[in-house]
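Working notes, structure below.
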There are 2 protein chains.
Amino acid sequence: MTETAPRPTLEAVAARAGVSRATVSRVVNGGDGVRKPLVERVRRAVEELGYVPNQAARSLVTKRNDAVAVVIAEPETRVFADPFFALQLRGISKELTAHDSQLVLLLTEGRADHARVGRYLAGGHVDGALVFSLHLQDPLPQLVQRAGVPTVFGGRPGWDDGTGGAVYVDSDNRGGAREAVRHLVGLGRRRIAHITGALDQTSAVDRLDGFRDVMGDADPRLIAEGDFTPAGGERAMRRLLEGCPDLDAVFAANDLTAAGALRVLRALGRRVPDDVAVIGFDDMLPVAEHTDPPLTTVRQDIEGMGRLMARLLLRGLDQGTGAPDPGGSSVAEDGPSSVVLPTTLVRRASA
Amino acid sequence: MTETAPRPTLEAVAARAGVSRATVSRVVNGGDGVRKPLVERVRRAVEELGYVPNQAARSLVTKRNDAVAVVIAEPETRVFADPFFALQLRGISKELTAHDSQLVLLLTEGRADHARVGRYLAGGHVDGALVFSLHLQDPLPQLVQRAGVPTVFGGRPGWDDGTGGAVYVDSDNRGGAREAVRHLVGLGRRRIAHITGALDQTSAVDRLDGFRDVMGDADPRLIAEGDFTPAGGERAMRRLLEGCPDLDAVFAANDLTAAGALRVLRALGRRVPDDVAVIGFDDMLPVAEHTDPPLTTVRQDIEGMGRLMARLLLRGLDQGTGAPDPGGSSVAEDGPSSVVLPTTLVRRASA
DNA sequence: GTGAAAGCGCTAACAG
DNA sequence: CTGTTAGCGCTTTCAC
């Protein structure tokens with residue numbers, strides 16, 4: 001078979017172009033300081049031989065691998081239920097591609113895999129890591145820090161000690177939640193309920209906090225715990241209705257949850273938004289646009305978050321200071337710091 | 001900052017254990033042919049120093065990189081609309097992990113990226129590739145073949161010439177469709193319609209063929225083209241109803257499409273399944289379980305497909321024949337061949 | 001069984 | 001500007 005068709009090496013190109021390996025290397029890597037005609041000759045040789053640099057050999061000497069790990073904790077199952085994950089990845093991919101960096105995907109499912117990820121990261125296979133682990137008390141963040149790899153987190157890591165400097169990119173969950181609730185208030189709603197997300201995730205906690213910012217110490221019966229899934233939304237909605245039959249609005253921690261709530265509301269004969277106004281979070285198009293009625297929701301730029309994460313990481317790497325590594329205490333040109341992206345309220349029919 | 005904390009090398013371990021690099025290497029790679037006590041000494045040294053082999057150096061000599069590329073053609077946007085993609089990846093990831101292989105994700109968005117992918121694959125950075133490109137006339141398959149990398153396709157590549165030997169893993173789309181339609185027939189339905197998927201994808205074509213296998217040359221008005229999205233399903237459903245107000249069943253190319261159809265049906269006052277029975281395809285849980293009524297559908301084992309793809313590829317690689325490479329014409333120990341996984345009908349309330 | 005030595009393909013000083 | 005010279009860290013014959 002075509003098997004190991006021995007690919008041409010620098011040496012081969014050099015021979016063909018009648019120059020030294022060093023010159024070829026220079027040309028291949030940008031070609032500064034090499035005279036035009038030579039550059040041309042080399043280029044042609046490269047072309048003719050179909051030469052492609054051997055990344056392993058290159059990494060060996062440069063100590064760079066032009067690769068970034070994306071670590072996604074599986075318990076993040078939600079990630080498999082909505083396109084969140086895919087969008088985020090798309091953003092990351094675009095940015096990395098533009099930077100000629102490769103995306104190494106690490107999916108984990110529990111302790112066993114943590115060790116593996118730790119080893120991999122510590123193994124110097126990648127220049128940096130993008131880590132999604134928005135669970136409180138997730139061991140991953142610490143693990144990553146210990147690996148000593150420049151890292152940017154997706155979502156505020158739910159974890160304080162030692163993480164002080166962790167660089168992360170997050171949506172303004174709290175602010176977005178506030179805006180949603182204020183909108184409800186502005187609509188004249190008074191009995192506003194909240195269905196939380198999975199409270200072991202910072203985003204859920206932040207949205208709950210935003211809700212409280214506006215509502216103060218609301219009737220506890222107006223808050224029901226969900227888990228970011230439609231089923232969770234249904235259950236929570238039922239509970240809320242039992243506890244407070246007179247509620248006139250609900251702010252759900254995400255669109256999926258809102259979709260579940262909507263179903264229950266309809267099944268129970270409540271009109272939306274007439275009887276009960278509903279707002280979601282995410283603006284997951286396939287969901288938000290197709291609920292009945294279409295969902296008013298808080299949009300976050302998911303792909304943009306991914307993109308930004310990658311950008312922050314790469315910038316740090318380029319500064320060569322390894323700055324994004326929280327362990328560092330760079331003073332002068334300290335690396336990127338966390339970014340919280342704004343959200344926007346998207347009005348549709350449900351509120 | 002913690003920067004390039006110079007990681008220990010084989011040399012260091014050797015020194016510490018009082019042996020030669022060769023011995024350490026042997027131990028690290030399985031430790032056959034090294035006496036027990038020495039193995040122990042080396043193991044300890046590795047432990048104490050926190051030694052992790054440098055993959056670049058290793059690849060340089062072994063010509064293996066313990067990495068597999070997963071190429072996903074972005075037009076595959078559907079992939080971002082349902083968890084298909086994520087599930088598939090999960091399966092792949094599990095298998096690769098078990099095999100100590102890394103997953104390099106390559107997302108493409110059109111021509112420009114094709115070149116990049118081609119270069120990457122041809123660059124020998126990975127041992128093999130898993131390619132998702134189920135579009136007819138997609139240039140990707142040929143491109144991959146040219147790169148000469150062992151490859152397994154996800155879904156039957158819609159592409160004949162030259163591809164003869166392409167190894168792929170697919171669901172029995174046609175068979176599954178047949179079963180669905182037969183079920184409808186068994187229910188006594190006579191005016192059975194079909195909403196197709198995006199017909200530039202083999203899965204959509206195969207499901208349509210399955211439909212025809214049972215229905216023969218049905219009234220063309222009973223077939224409407226969709227695109228695997230809920231919106232497409234809605235549009236198609238409206239068209240069908242206009243052309244054949246008396247239809248009593250519809251087989252949708254996937255669950256998302258069915259969900260759209262369901263919405264239109266309800267909006268128009270048709271009861272499901274009483275007036276119109278509906279069957280989907282995929283058994284995408286978050287969708288199928290939560291439509292109203294819950295969707296009867298054809299299940300395919302998506303995660304299993306991903307897993308199998310990886311397994312086939314790895315097996316081929318291990319055989320060292322590079323067998324999965326379609327270009328090869330290995331005769332004796334020829335590599336894995338394509339696999340079509342069975343589907344099962346899952347009965348819920350819609351049909 | 002174990003060690004010594006020879007590279008894998010490339011980049012990065014350092015001369016010229 | 002261009003060529004020469006060292007290795008990067010590891011595996012792998014080949015002797016001992």
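Chain naming here is simple, since letters A, B, ... match the order of the sequence lines and numbering starts at 1 in each. Every heavy atom of this structure was used, including side-chain atoms; hydrogens, water molecules and symmetry mates were not.
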Distance (rounded to the nearest 0.5 Å) between Glu40(A) CD and Glu47(A) CD
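Taking CD in Glu40(A) and CD in Glu47(A), the distance rounds to 10.5 Å.
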Chain A on DNA chain C: first and last contacting nucleotide, 5' to 3', under 4.0 Å to a heavy atom?
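The protein-touched segment is dG9(C) to dA13(C).
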Walk along DNA chain D from 5' to 3' and tell me the first and last nucleotide with an atom closer than 4.0 Å to a non-hydrogen atom of chain B.
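Counting from the 5' end, contacts occupy dG9(D) to dT13(D).
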Check each residue of residues 10-24 of chain B for a non-hydrogen atom within less than 4.0 Å of any atom in DNA chain C, then write out the ones that pass by number, or none.
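Of all residues in residues 10-24 of chain B, the ones placing a heavy atom under 4.0 Å from DNA chain C are Val19(B), Ser20(B), Arg21(B), Ala22(B), Thr23(B).
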Donor-acceptor check, side chain of [X] to backbone of [Y], threshold 3.5 angstrom: yes or no?
X         : Y         : answer
Thr23(B)  : Val19(B)  : no
Thr151(A) : Gln145(A) : no
Thr97(B)  : Ser93(B)  : yes
Asp127(A) : Asp66(A)  : yes

Minimum heavy-atom distance [X]-[Y], with the two atoms named:
X         : Y         : value
Leu60(A)  : Ala57(B)  : CD1-CB, 3.5 Å
Arg116(A) : Thr108(A) : NH2-CA, 4.4 Å
Val13(B)  : Ala45(B)  : CG1-CB, 3.8 Å

Charged N-O contact under 4.0 Å between Arg307(A) and Glu303(A):
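A salt bridge links Arg307(A) with Glu303(A).
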Which sits closer to the 5' end of DNA chain C, Arg26(B) or Asn29(A), going by the nucleotide each is nearest to?
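The 5'-side residue here is Arg26(B).
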Check whether any side-chain heavy atom of Val68(A) sits under 4.5 Å from a side-chain heavy atom of Gln102(A), and report yes or no.
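In short, these two side chains do not touch, never coming nearer than 4.5 Å.
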